[in-house]
Structure formats: structure tokens, C-alpha cells
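Numbered from 1 within each chain, the chains take letters A, B, ... in sequence-line order.
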Amino acid sequence: MDQLQPVRGTHDILPDQSRAHRRIRETARELAERYGYAEMSTPIFEFTEVFKRTLGETSDIVTKEMYTFADRSGDQITLRPEGTAGIARALISGGLGQSLPLKFFYSGPMFRHERPQKGRLRQFHQIGVELLGAASAMGDVEVIALGDQILEALGIRGRTRLELNTLGDSASRAAYREVLVAYLISHRDGLSEDSAKRLDRNPLRILDSKDKGDREVVDGAPLFGDYLTDDARAFFDRVRAGLDDLGLAYLINPRLVRGLDYYCHTAFEYTTEHLGAQGTVLAGGRYDGLIETMGGPPTPGVGWAAGIERLAMLLDEQVPAVKPVVVIPVGDEFEAEAFRVTQRLRLAGIAADIGFSGNLSRRMKRANRMGAAYAVILGSDELARDAATLRDMETGAQEEVALDKLVDRLTQRR
RNA sequence: GCGGGUGUAGCUCAGUCGGUUAGAGCGCCAGAUUGUGGAUCUGGAGGCCGUGGGUUCGAUCCCCAUCACUCGCCCCA
């Protein structure tokens, strides 16, 4: 193995990418705050138990995708595969449940040992929000509205669509599961091998299968909608009415299910056709039973997470770097003066840089490559008058500016 | 975890029906232009042809393995 390669499924995030990530994170954070969601972060590793309990012992993530290890004191530790479990744990261990409802925004790296593909990495980054302690359907509507506005602000809402479904409450699911399993068993021959295995483990997932045979079977399956309890149906209706009221367009997708066990009621996904097989860009739902499962007080919750790398791939333009002012000494003897001028600009809040070597032509070339907005040229002619030549790199226009007026001139021109 | 494709210069990609010094465009460096960038011209640097093994007189090319990326399944953000 080549030790100088990054670990499979991990990437260095170079400046271009980093700026895209930052735009996504910052846009999301600002809008989240506008909705009352405060940023918080939890450790990137937790006791393995935290994830096992919340994600479900049989979920794929827990059974084969976690980065789990024993640390030096023998504790079972897992690098977080998602963000909700940590926040739920924090709510319990920090006693935050006293002042509900709580609204949190988070961002950071997540880890899953999956087979890498485009849009699927072993270390990837998510932004997410959680609304804890709000049982109302308005909570579901709020988090969706926030996600929608973030996608809109990033300019990618138009390339996604919102899919919506309800997973009902536990009574609904139990009733439906029974008839679904009965139906699927009677059509067992038509099911794929994978789906046959899911029959007793996670039959709802079969609804989501892409296998042709499965789809034919599923097309004739009883509909979950017919087995919703009155309460569950009313809840879903309120969510839909809320979305309609805000003018948020969605598509009901009865096949939309969740891989993680903690979800109930509302499930939603913003999907796109521009990323190949990894079409989900932002996904979430309601998880009323989660906190209680973890040993905390019964606390309803709803939230979502979005993959930063996937969002970045949908951004249609590069995020531009800051355009600096580049200071250019004409001749080595003026370098010290140039550096003083550069530093003065920086202290005044102006992005400034100085080429480190070469003649004027070479430094100009470099300034151009750095995307300079202005060049400040310092040579014997100018310095004799305590001035500099200020060149607008876009238009090529030049003027002489006294050194002590340079900061003013540059701030007014920006 | 399963199946397919790809891997040649910093980037995008040619190429060798197995044969001696492996090419192009872009980019990079230098010069034309010792106080002016983006254009043009000239020159230059840069390749264990992903890695390991096998077949062969000879492998970048064929075979096997492996690693990485990629497409689909699975799963999911």
C-alpha cells in the first residue's frame, strides 16, 4: 500500500473546494440562525453504544459501516457516522431537556466505511439541523422551510425536488408491516435475493428497491396510506397543509423510507438527477422516539442533514477567491519599503500580498495570476515623492497616489 | 459487500498490431521586453506509462494480483 496516498474514500480539500464548502456552511449557518437554530458541535467520536442504540442494531450503518475501535483504555469508540445521535446524547448528558424546545445547527465531518463512489466518501461533511421538543407538525414544516431556503440561497433548489412521505406512528407501522409482509411472502418468488433477506429484518425497505422484479411486486402491494391511524393521518395532513401554505412544492413518494430506525411520521428528501446514483442531497424526518430510546425523557424531534460535498457538486459556479492588492517593488532595494506598505494595508483591513521575487514584469505576471484587483508599484520615481503608482488590474488605468493616502484611496475604490 | 469500466507529464488525453530516444494541447519556467500583467513567438524543464508479480530474447502494451478512481447494485448525505 502506498502510504503517501490518502486513505481510500478521503480527500484533501484544496482551496477551491474549501471555499465552496465554506459558502455552503456559512449560508446554512446564517439562515439557520435566522430561524432560531443555534450552532453547536459535539465530539466527532462517541462511545459505540450511542450509535448502536439510536441507529438500530440491524441498520446497515451499524452492522457494516462504522469506524469502530477500542481506544487505549479499552473503551469502544466510534467515529460518528451521522450527527443526530450525538446531539441527542448531548441533550441527555447535558440536561438540556429542561428548556425545550431547542433548535440546533451543526456542521462537520462524518465517517462511514462504504465503498467510495462519486458523491460517496468515507469521510464526508454534513450540515444539519435538529428541532427538539416540538411535537407539532409546524416543526416539520419549519425545518423543511429552512432546508428549502438554504438550497434556494445556494442557487440549487431548482435542480432538486422535495419528496415527502409519512412513516406513521408505531401503531400504523405495526399494522402495515403485518399486511405488507403477508403480501410479500405470497409473492416471494418475484423478489430479488436482497429483498428476500430483508423480509423479516426490514420489509419496508423493499418498497424502495430498484430491482425490476421487486418493483413489479411492490406495485401491487398494499398502500401504507391505507393503514395509517387517524392520528398519523391527521399529522401528515397538517404537515402537508403547512407546506402548501408556505408555497413549498413537494411530491408524495409512498416508497420513500428511512434507513435509520429512529424515524417516524414525516420523512423527506431533496433529490437531484445531476449526481448519478447518489441523488439524495438533503434528507431528514421526525424521530419522536429517539431520545427516550437512549434513556432520556420522552422528547419529540425533527431534523435533517445534507451532504456538503454533494451540495458543492451542484453549485454551478466556482466560489471566487478574495482579490488582493499586490504590492510590487521595482528593484530589490525597495522590498523593505514594499513590505511595510503591504503590512499597512493589511492592518487597515485590505487583503494585500507581495510577490517574493523577480523583476517588474515577472511580478506583474504573478500579480495577474493571483487575481489581483490592484497593483501598487513602488519604484525610485514614486518613492522620491513618497508616492506609489496604483494600477487597476482590470482596466489598466494608473494613477499616482501619496503613500499616506493609499489606504483611503483603496477603501473608497472598492 | 457484489458486478462492470478506467489508470500514460501538474491537468485533459493520444500512442505503441509487444521492439531501440513515449507524444500533443493546456499549464509551468526562461527569453523576445533590465519600470508594467492578460496576447503572440522562441526555447526549456517535467514521465519507475498506478504498484507488484508472470509470460517473452524484449512488456507502457498480453496475463494475474493489488491499489485508486469511476459506473451500477446495496446503502445513504
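Of all nucleotides present, none satisfies the Watson-Crick or G-U wobble test against B:A77 with each distance under 3.5 Å. A 3.5 Å limit on both hydrogen-bonding distances identifies B:C28 as the Watson-Crick or G-U partner of B:G44. The pairing partner recorded for B:C2 is B:G72, the criterion being a Watson-Crick or G-U wobble arrangement whose two distances lie under 3.5 angstrom. Pair check for B:U66 finds B:G50; Watson-Crick or G-U wobble, both atom distances under 3.5 Å. When both distances must be under 3.5 Å, the Watson-Crick or G-U wobble mate of B:G38 does not exist. Base pairing of B:U60 is not made with any nucleotide, judged by Watson-Crick or G-U wobble geometry with both donor-acceptor distances under 3.5 Å. Nucleotide B:A14 forms a pair with no other nucleotide shown, judged by Watson-Crick or G-U wobble geometry with both contacts under 3.5 Å. Base pairing of B:U33: no nucleotide in any strand meets the Watson-Crick or G-U wobble criterion (both distances under 3.5 Å).
For the 3.5 Å distance criterion, the side chains of A:D226 and A:Y176 fail to qualify, holding no donor opposite an acceptor. If you check the side chains of A:E400 and A:T389, you find no donor sitting under 3.5 Å from an acceptor.
Residue side chain A:R363 does not reach the base of B:G37 through any donor-acceptor N/O pair under 3.5 Å, judged by distance alone. Between the side chain of A:E382 and the base of B:G35, a donor-acceptor pair under 3.5 Å is found. If you check distances only, the side chain of A:R391 never reaches the base of B:G35 with a donor-acceptor pair under 3.5 Å. In the interface, the side chain of A:R115 is not paired with the base of B:C76 through any donor and acceptor atom under 3.5 Å apart.
Side chain of A:D392 to main chain of A:Y374: no donor-acceptor pair is present (N/O by atom type, distance under 3.5 Å, no hydrogens or angles).
Atom P of nucleotide B:U51 and atom CZ of A:R8 are separated by 19 Å, given to the nearest angstrom. Counting to the nearest Å, the P atom of B:A30 and the CZ atom of A:R362 are 4 Å from each other. Separating the CD atom of A:E309 from the P atom of B:U70 is a distance of 12 Å, rounded to the nearest angstrom. One can place CG of A:L390 at 18 Å from P of B:U36, the figure rounded to the nearest angstrom. Regarding A:Q123, its CD atom lies at a distance of 14 Å from the C1' atom of B:A77, rounded to whole Å. Here B:C76 presents its P atom at 16 Å from CG of A:L282, a figure rounded to the nearest Å. The NE2 atom of A:H274 sits 18 Å away from the C1' atom of B:A77 (whole-angstrom rounding). In this structure, the CE atom of A:M313 is 14 Å from the C1' atom of B:C71, given to the nearest Å.
Within the 4.0 angstrom heavy-atom criterion, no nucleotide atom of any strand lies near A:G128. Heavy atoms of A:A305 sit under 4.0 angstrom from primed sugar atoms or phosphate atoms, though from no base atom. Nucleic acid contact class of A:S380 (heavy atoms, under 4.0 Å, all strands): base. Nucleic acid contact for A:G396: base, since at least one base atom lies under 4.0 Å from a heavy atom of the residue.
The gap from the C1' atom of B:C64 to that of B:A45 amounts to 37 Å, rounded to the nearest Å. Taking the C1' atom of each, B:U6 and B:G50 are spaced 11 Å apart, rounded to whole Å. Rounded to whole Å, the separation between the C1' atoms of B:A32 and B:C71 comes to 50 Å. Across B:U12 and B:U51, the matching C1' atoms stand 23 Å from one another, rounded to whole Å. Taking atom C1' in both B:U60 and B:G15, one finds a spacing of 10 Å when rounded to whole Å. Separation of the P atoms belonging to B:U56 and B:C48 is 28 Å when rounded to the nearest angstrom. Here the separation of B:G5 from B:A9, taken at their P atoms, is 22 Å to the nearest Å. Distance check on atom P: B:A30 versus B:G46 gives 16 Å, rounded to whole Å.
For A:M364, the listed nucleotide lying nearest its side chain is B:U36; candidates were B:U36, B:A77, B:G38. Among the nucleotides B:C69, B:C73, B:G35, the one closest to any side-chain atom of A:Q117 is B:C73. Residue A:S361 has its side chain nearest to B:G37 when only B:G37, B:G35, B:C73 are considered.
Comparing A:A283 and A:G9 by the nucleotide of RNA chain B that holds the closest heavy atom to each, the one mapping nearer the 5' end is A:G9. The nearest heavy atom of RNA chain B to A:L275 and to A:I308 marks one nucleotide each, and the one closer to the 5' end goes with A:L275.
Taking only side-chain nitrogens and oxygens, A:T280 never comes nearer than 4.0 Å to OP1 or OP2 of B:C76. Regarding contacts with the backbone of B:C76, every side-chain N or O of A:R310 stays at 4.0 angstrom or more from both OP1 and OP2. Under 4.0 angstrom from either OP1 or OP2 of B:C76 there lies no side-chain N or O belonging to A:R120. Of the side-chain N and O atoms in A:R369, none sit less than 4.0 angstrom from OP1 or OP2 of B:G38.
A salt bridge links A:R161 to A:E273: one of the charged nitrogens lies within less than 4.0 Å of a carboxylate oxygen. Look at A:E335 and A:R363 and you find a salt bridge, because one of the NZ, NE, NH1 or NH2 atoms lies within 4.0 Å of a carboxylate O, short of that distance. A salt bridge is defined here as a Lys NZ or Arg NE, NH1 or NH2 lying under 4.0 Å from an Asp or Glu carboxylate O, and A:R29 with A:E26 meets this definition.
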Before giving the answer on side chain to side chain donor-acceptor pair (under 3.5 Å), spell out for A:E163 and A:Y270 the whole-Å C-alpha distance, their side-chain angles and the decisive distance to 0.1 Å. CA-CA 6 Å; A:E163 298 182 26; A:Y270 281 88; over 6 Å; no
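For A:F47, the CZ atom is loosely surrounded, since the number of other residues' heavy atoms within 6.0 Å does not exceed 12.
When each of A:K103, A:R34, A:R286 is paired with A:E142, the salt bridge (charged side-chain N to carboxylate O under 4.0 Å, His left out) condition holds for A:K103 and for no other.
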